[in-house]
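I have placed the structure first, in the form of structure tokens, so that the comments after it can refer back to it.
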Amino acid sequence: MKTQFDILRVSRALVIKQLEGLTLAQIHEIPTGFKNSIAWNVAHLVVTQQLLHYKLADLDCLCPDELIEGYKKGTAPTTHFTEEEFEEVKELFLGLPDTLQEDYEAGIFETFTEYPTSTGFVLTSIETAITFNNFHEGIHYGIIRSIKKFV
């Protein structure tokens with residue numbers, strides 16, 4: 001599993017690299033042909049990781065409920081982050097992979113609710129959820145890179 005945690009950290013570092021040089025307005029821009037902004041995608045990755053790992057294990061998520069409600073699957077941007085709020089999202093984005101690994105190694109993921117993803121892949125354990133989340137993060141990394149070309 002160490003490799004899966006390393007992949008998550010590396011993919012998140014790559015996303016953060018894409019944010020360099022962008023203004024707050026640019027990260028909130030939704031180019032023609034896209035449904036969401038770069039900011040939405042980053043927050044969505046924080047929220048999805050928490051839901052797939054903690055919520056499905058019947059544990060409390062480590063991000064605010066308001067963030068979950070605004071950025072879970074099926075949502076679209078309705079508000080903009082302030083600079084301070086987006087810094088908090090980025091701190092969660094970069095810090096939560098370490099917490100996940102610590103929690104996994106501590107054995108807190110004792111139960112898991114099976115979950116069929118929208119891709120058709122069924123998550124049956126914390127291990128499948130961690131692996132699938134990395135796939136999901138890769139999809140959104142590509143979307144972020146695509147959006148960046150138009151902002």
Kindly give the heavy-atom pair with the smallest separation between [X] and [Y], and that separation in Å.
X: A57; Y: F109; answer: CB-CD2, 3.6 Å
X: C61; Y: Y54; answer: CA-CB, 4.2 Å
X: P64; Y: L92; answer: CD-CD1, 4.2 Å
X: K35; Y: P77; answer: O-CD, 3.8 Å
X: Q26; Y: V151; answer: NE2-O, 2.9 Å

Result for side chain to side chain contact (heavy atoms under 4.5 Å, CB included) between L100 and one of L62, I130, N133 points to I130

Quick one: [atom1] on [X] to [atom2] on [Y], what's the gap to the nearest 0.5 Å?
X: I147; Y: W40; atom1: CD1; atom2: CH2; result: 9.0 Å
X: L45; Y: E137; atom1: CG; atom2: CD; result: 4.5 Å
X: M1; Y: T131; atom1: CE; atom2: OG1; result: 5.0 Å
X: H53; Y: I108; atom1: NE2; atom2: CD1; result: 12.0 Å
X: K73; Y: T75; atom1: NZ; atom2: OG1; result: 11.5 Å
X: E91; Y: E87; atom1: CD; atom2: CD; result: 7.0 Å

Grouping I, L, V, M, F, W and Y whenever their side-chain heavy atoms are under 4.5 Å apart, do I7 and I144 come out in a common cluster? no

For side-chain contact (heavy atoms from CB on, under 4.5 Å), just list the numbers for F135 and T119, CA-CA rounded to whole Å, side-chain angles, deciding distance to a tenth of an Å, and then say yes or no. CA-CA 11 Å; F135 165 73; T119 66; 4.0 Å; yes

Between R12 and Q49, does a side-chain contact (heavy atoms from CB on, under 4.5 Å) hold up when you go through it step by step? CA-CA 12 Å; R12 289 198 170 187; Q49 182 266 317; 3.5 Å; yes

According to side-chain hydrogen bond (donor to acceptor under 3.5 Å, both in side chains), who are the partners of N36, at least two apart in sequence or on a separate chain? none

Any chance the side chains of E127 and Y104 put a donor and an acceptor closer than 3.5 Å? yes

No-hydrogen, no-angle side-chain donor-acceptor test under 3.5 Å, N41 and Y71: no

Quick one: are [X] and [Y] in side-chain contact, heavy atoms under 4.5 Å?
X: Q50; Y: L96; answer: yes
X: R145; Y: K149; answer: no
X: T117; Y: L123; answer: yes
X: H44; Y: H136; answer: yes
X: F121; Y: P116; answer: no
X: E29; Y: S37; answer: no
X: F150; Y: T32; answer: no

For residues 14-22, run the donor-acceptor check on the side chains, cut-off 3.5 Å, and write out each pair with its distance to 0.1 Å, sequence neighbours left out.
unit_1 : atom_1 : unit_2 : atom_2 : d
K17    : NZ     : E20    : OE1    : 3.4

Step by step, would you call K72 with L51 a side-chain contact (heavy atoms from CB on, under 4.5 Å)? CA-CA 8 Å; K72 65 186 177 183; L51 293 174; 4.1 Å; yes

With sequence neighbours excluded, tell me which residues meet ring-ring contact (aromatic ring centres under 6.0 Å, His included) with F93. none

Counting only N and O atoms by type, is there a donor-acceptor contact under 3.5 Å from the side chain of E102 to the main-chain atoms of T99? no

Just by modelled atom types, is the S125 backbone N or O under 3.5 Å from a matching donor or acceptor in the T128 side chain? yes

Chi angles and distances behind the side-chain contact (heavy atoms from CB on, under 4.5 Å) call for Y115, L52: CA-CA 9 Å; Y115 178 75; L52 292 179; 4.2 Å; yes

Is the F81 ring parallel, tilted or perpendicular to the F86 ring (thresholds 30°, 60°)? tilted

Going by an N to O cut-off under 4.0 Å, is there a salt bridge joining D98 and R9? yes

For atom NZ of K148, decide whether the heavy atoms of other residues, nucleotides or ligands shown that lie under 6.0 angstrom number more than 12. yes

